[in-house]
There are 4 protein chains.
Amino acid sequence: MNASAGPKAPGGADDATTSDSASMPRSGRKVTTSNRQSPRKSGDERWKELLDVSARMFADRGYAATSLQHIADELGMLKGSLYYYIKTKDDLLYEVIRGVYWEGVANFRRITTGPGDAVDRLEHAIQGHVRYLIDNITATTVFLHEFDQLSPGRREELSALGYTEQLRDLIRAGQAEGSIRPEIDASMAALAVLGATNWIYRWYRDPGSRGPDEIGRQFSDIFVSGLVSPSRKA
Amino acid sequence: MNASAGPKAPGGADDATTSDSASMPRSGRKVTTSNRQSPRKSGDERWKELLDVSARMFADRGYAATSLQHIADELGMLKGSLYYYIKTKDDLLYEVIRGVYWEGVANFRRITTGPGDAVDRLEHAIQGHVRYLIDNITATTVFLHEFDQLSPGRREELSALGYTEQLRDLIRAGQAEGSIRPEIDASMAALAVLGATNWIYRWYRDPGSRGPDEIGRQFSDIFVSGLVSPSRKA
Amino acid sequence: MNASAGPKAPGGADDATTSDSASMPRSGRKVTTSNRQSPRKSGDERWKELLDVSARMFADRGYAATSLQHIADELGMLKGSLYYYIKTKDDLLYEVIRGVYWEGVANFRRITTGPGDAVDRLEHAIQGHVRYLIDNITATTVFLHEFDQLSPGRREELSALGYTEQLRDLIRAGQAEGSIRPEIDASMAALAVLGATNWIYRWYRDPGSRGPDEIGRQFSDIFVSGLVSPSRKA
Amino acid sequence: MNASAGPKAPGGADDATTSDSASMPRSGRKVTTSNRQSPRKSGDERWKELLDVSARMFADRGYAATSLQHIADELGMLKGSLYYYIKTKDDLLYEVIRGVYWEGVANFRRITTGPGDAVDRLEHAIQGHVRYLIDNITATTVFLHEFDQLSPGRREELSALGYTEQLRDLIRAGQAEGSIRPEIDASMAALAVLGATNWIYRWYRDPGSRGPDEIGRQFSDIFVSGLVSPSRKA
DNA sequence: GATGAATGAGTCTTCATTCAT
DNA sequence: TATGAATGAAGACTCATTCAT
């Protein structure tokens, strides 16, 4: 549930940070782009603050265990006032997740469909994914851990064509071009890669030791070495 | 939260059911009549039933989103009656997690400290972990997903000496004996392996296609190939 | 809304009483018929009390304007405790209405299908309806005034085959047998009779002056005189 | 509460719509776009629109169940903006009721104090009342159903000198002049007449069958026949 | 072993209302 | 004439928990 109190077991370290910021104007709401430096916050800023606080609390305690009261307290407003910005609590979860999801998938696709042979792209995809994930660790944590708490309709909306399929296709492409071992099950390999990288949200802590780049390099090394065909290695 | 409705993105498969214990459609609180005229359950049987039902519901909806009412309904008793068996709701979560955790860790240790060189043991550890995880997918899901919802005291109790450390030490041993590449960061590698395997609870579905053994073989192949030193490979 | 504060205009007097009592075990609930004279109220008694209080408050302030807090206060319990007895607030409205409705319709049918010619039965039906209505003025008020606030499903359930149709058919029977004037539109006449009698809940007050019998006699006199055919009058 | 969903029982017809002002399906808060590019409504027009919409919604859902949000949505403005026109929600109810009430009473008085003997005036009063009520069915519904929801002060203000008294006095006059049966209790008779006519708002539907005139004729026939003295009838 | 009845705090959500702009 | 942003109180409903029987 929590980036800062993950289980030590099956992969844990301790005590985290959050650095990403959620953006995006909410669905049906015109936003006045009025003066920016007034002490009184504009609605737009408030909305971003709200998403930020929500993401942080959802990541820390879990969606179900976070009450609107908690969020309102943190924002210094009354819980009823939140309903000026949202229609249901689910809206908050949705906006937080939609944000990282869309950007993340787009980012991922840019790499997997970019230049280079399959192995190169795999390497970059792993490193890029790791970096994105860590740069947006809070929202990512919410996405990865609380996805199933979304209302069914929204869960479905976001389910289309995601990371796994892209990665699987990339690996298959590598097999076709001979750069990746043919005996590998592309689906399994894709799931292994994504499992290893996604799991980061369970143990990542502020760069006590390894930062995003170091992690990305290590992970891509392992997987590339694990998947590459002997011929291409040479 | 849910073994059967994981996000498609960062590593999902699709729609099916968990396989370890008879799973239930979660629509509309129906009371299981299955255990109505049984000769009269002993207290011990009732307790196991309670843990079973709890595990299933925690895996399906998440701990925070599962009420004692839900559980009692499923058992065909009143929620107040649950307090004959437990002192607080947290007891249920604790018992479910403690079960898989202890057995799982013991299992893991048996392999990592068993016979063979480090690479052999790594291979067996991955395959064994995958199999255990899938054989106990419901409880494992609860363990992996709801660990942070445990009361602080119990979280701590279970946190000691886990999988990561054992695996890291195994890899280091391999580096010491020369069977594993020295440029690998053992901690990172351990986290990659556990991430890939643990993540299984997010996408595993009834053996439509790949069963535990196939998955174990593929995963261990990838990681062994990725970590082994050229010398030992030859 | 209210038997005790009806508008003076289109027909009002002032300040009322309540004398009916709601009964009926609620839908899905077994009721222990345990000891009756314990100082501690049994659940059955509590349920009746709850319906009674609800009826009174719905009649006084209106359904929508009555909060569960009001009801709980009157009963000396916490509002959350009411949910031991009901599933939603609508249950209370439904039970109150269902009670008077079923009994009332049955009562009415007994008379309209009883012995005597149509005019006799009309006379008795009016008097019986007036009496029943006044004897159950509180629940009747709720029924007549708050019916539309019922959830759609339940509104429908109770809508079948009601008073109007029975009365219309009785009048038609009278026309067929020649005791009621043929130029009368039976539907209109039925609606006139029911309007006049139902409206009583808007102005009836404790027998300051006219009691149920007197009112029944006056009303039946007017309508019988208004509908009877000259031949039968003679 | 509702002219279009009255209980079938104690006097109902069935399913249709009210007819005085264009009624609206109540599903899902849609904002009427009908008044979007009009040349710019004057404040007076807006005020009338507001009263119209309020009346319609109060008639449809009941006063207490209608929120200012609903009304604002329908008008295409924000709920806070309503406070330019009103001071409290009660103002809306008051204005709607005051309108029909004053005009209706004046209308009624014009007839009961007009030319003709008591029986003639009674006949015209019934027909006139029925017509007025149906011509203004929405506001009348609000008046008849929601009167008690008015704030105490305003309830009192409107309570003085109403229909019942005028009608009772007319009947007494008829008894005095010998055209109405002496054994009739004038108060009861007045209440019967007003009950029958007022109740119309509970069952009236768009002139599927009977229109205002037909209803008026039938009702006045019944009551005149029921009250007239044998001597005057001859 | 379990029920029946309740508690008290908390859940999400809606309300009428305010007021600076 | 309105909007945008909030308030504060109350709404219905749910929760984990208790305890006498």
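Convention: sequence-line order gives letters A, B, ...; per-chain numbering from 1. The analysis underlying the following values was restricted to heavy atoms, covering all of them including side chains, and did not include hydrogens, waters or symmetry mates.
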request  = Take E157(D) and R154(D) through the salt bridge (Lys or Arg N to Asp or Glu O under 4.0 Å) test and state the conclusion after the steps.
outcome  = CA-CA 5 Å; E157(D) 182 199 331; R154(D) 286 168 158 176; 5.4 Å; no
request  = Decide yes or no on side chain to side chain contact (heavy atoms under 4.5 Å, CB included) for V53(A) and M57(A), but give the supporting numbers first.
outcome  = CA-CA 6 Å; V53(A) 166; M57(A) 305 206 107; 4.1 Å; yes
task = In sequence, state the C-alpha distance, the side-chain angles, and the governing distance for E49(D) and R46(D), and then conclude on salt bridge (Lys or Arg N to Asp or Glu O under 4.0 Å).
result = CA-CA 5 Å; E49(D) 226 184 313; R46(D) 237 24 196 148; 3.2 Å; yes
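In terms of heavy-atom proximity, L158(D) sits nearest to I97(D) at CD1-CG2, 3.6 Å.
In this structure, D91(D) places its CG atom 13 Å from P of dA16(E), rounding to the nearest Å. In this entry the distance linking CH2 of W47(D) with C1' of dT1(F) reads 15 Å, nearest Å. Going from atom CG of D44(A) over to atom P of dG4(F) covers 13 Å, rounded to whole Å. Per the geometry, CG belonging to L82(C) stands 10 Å off P belonging to dA12(F), to the nearest Å. The CE-P distance, from M77(A) to dG4(F), rounds to 16 Å in whole Å. dT14(E) atom P lies 12 Å from atom CG of D73(D), rounded to whole Å. Going from atom CD1 of I86(A) over to atom C1' of dT14(E) covers 13 Å, rounded to whole Å. Between the P atom of dT17(E) and the CG atom of L78(D) lies a distance of 17 Å, rounded to the nearest Å.
Listed pair R46(B) / dA2(E) meets the phosphate criterion, a side-chain N or O lying under 4.0 Å from OP1 or OP2. OP1 and OP2 of dT18(F) both lie 4.0 Å or more from every side-chain N or O belonging to Y83(B).
Comparing G76(A) and D90(B) against DNA chain F, the residue whose closest nucleotide sits nearer the 5' end is G76(A).
Within the model, atoms CD of Q149(B) and OG1 of T66(B) stand 10.5 Å from one another, a figure rounded to the nearest 0.5 Å. Atoms OG and CG, on S54(A) and D91(A) in that order, are 10.5 Å from each other to the nearest 0.5 Å.
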request  = Let me have DNA chain F in dot-bracket notation, would you? Count Watson-Crick plus G-U wobble pairs, both distances under 3.5 Å, and use [ ] for pairs crossing earlier ones and | for inter-strand partners.
outcome  = .||||||||||||||||||||
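Side chain of D90(C) to backbone of S151(C): a donor-acceptor contact under 3.5 angstrom is found.
Closest to the side chain of S81(A), from the set dT7(F), dG1(E), dT13(E), is dT7(F). Residue Y84(A) places its side chain closer to dG4(F) than to any other of dG8(E), dG4(F), dA2(F).
In this pair, Y63(A) and F58(A) present their aromatic rings perpendicular. The plane angle is above 60°, beyond the 30 to 60° band.
Salt bridge status for E95(B) with R98(B): present, with a side-chain N to carboxylate O gap under 4.0 Å.
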Do any N or O atoms of the protein come closer than 3.5 Å to N or O atoms of nucleotides 9-11 of chain F, and which pairs are they?
unit_1	atom_1	unit_2	atom_2	d
dG11(F)	OP1	S67(C)	OG	3.4

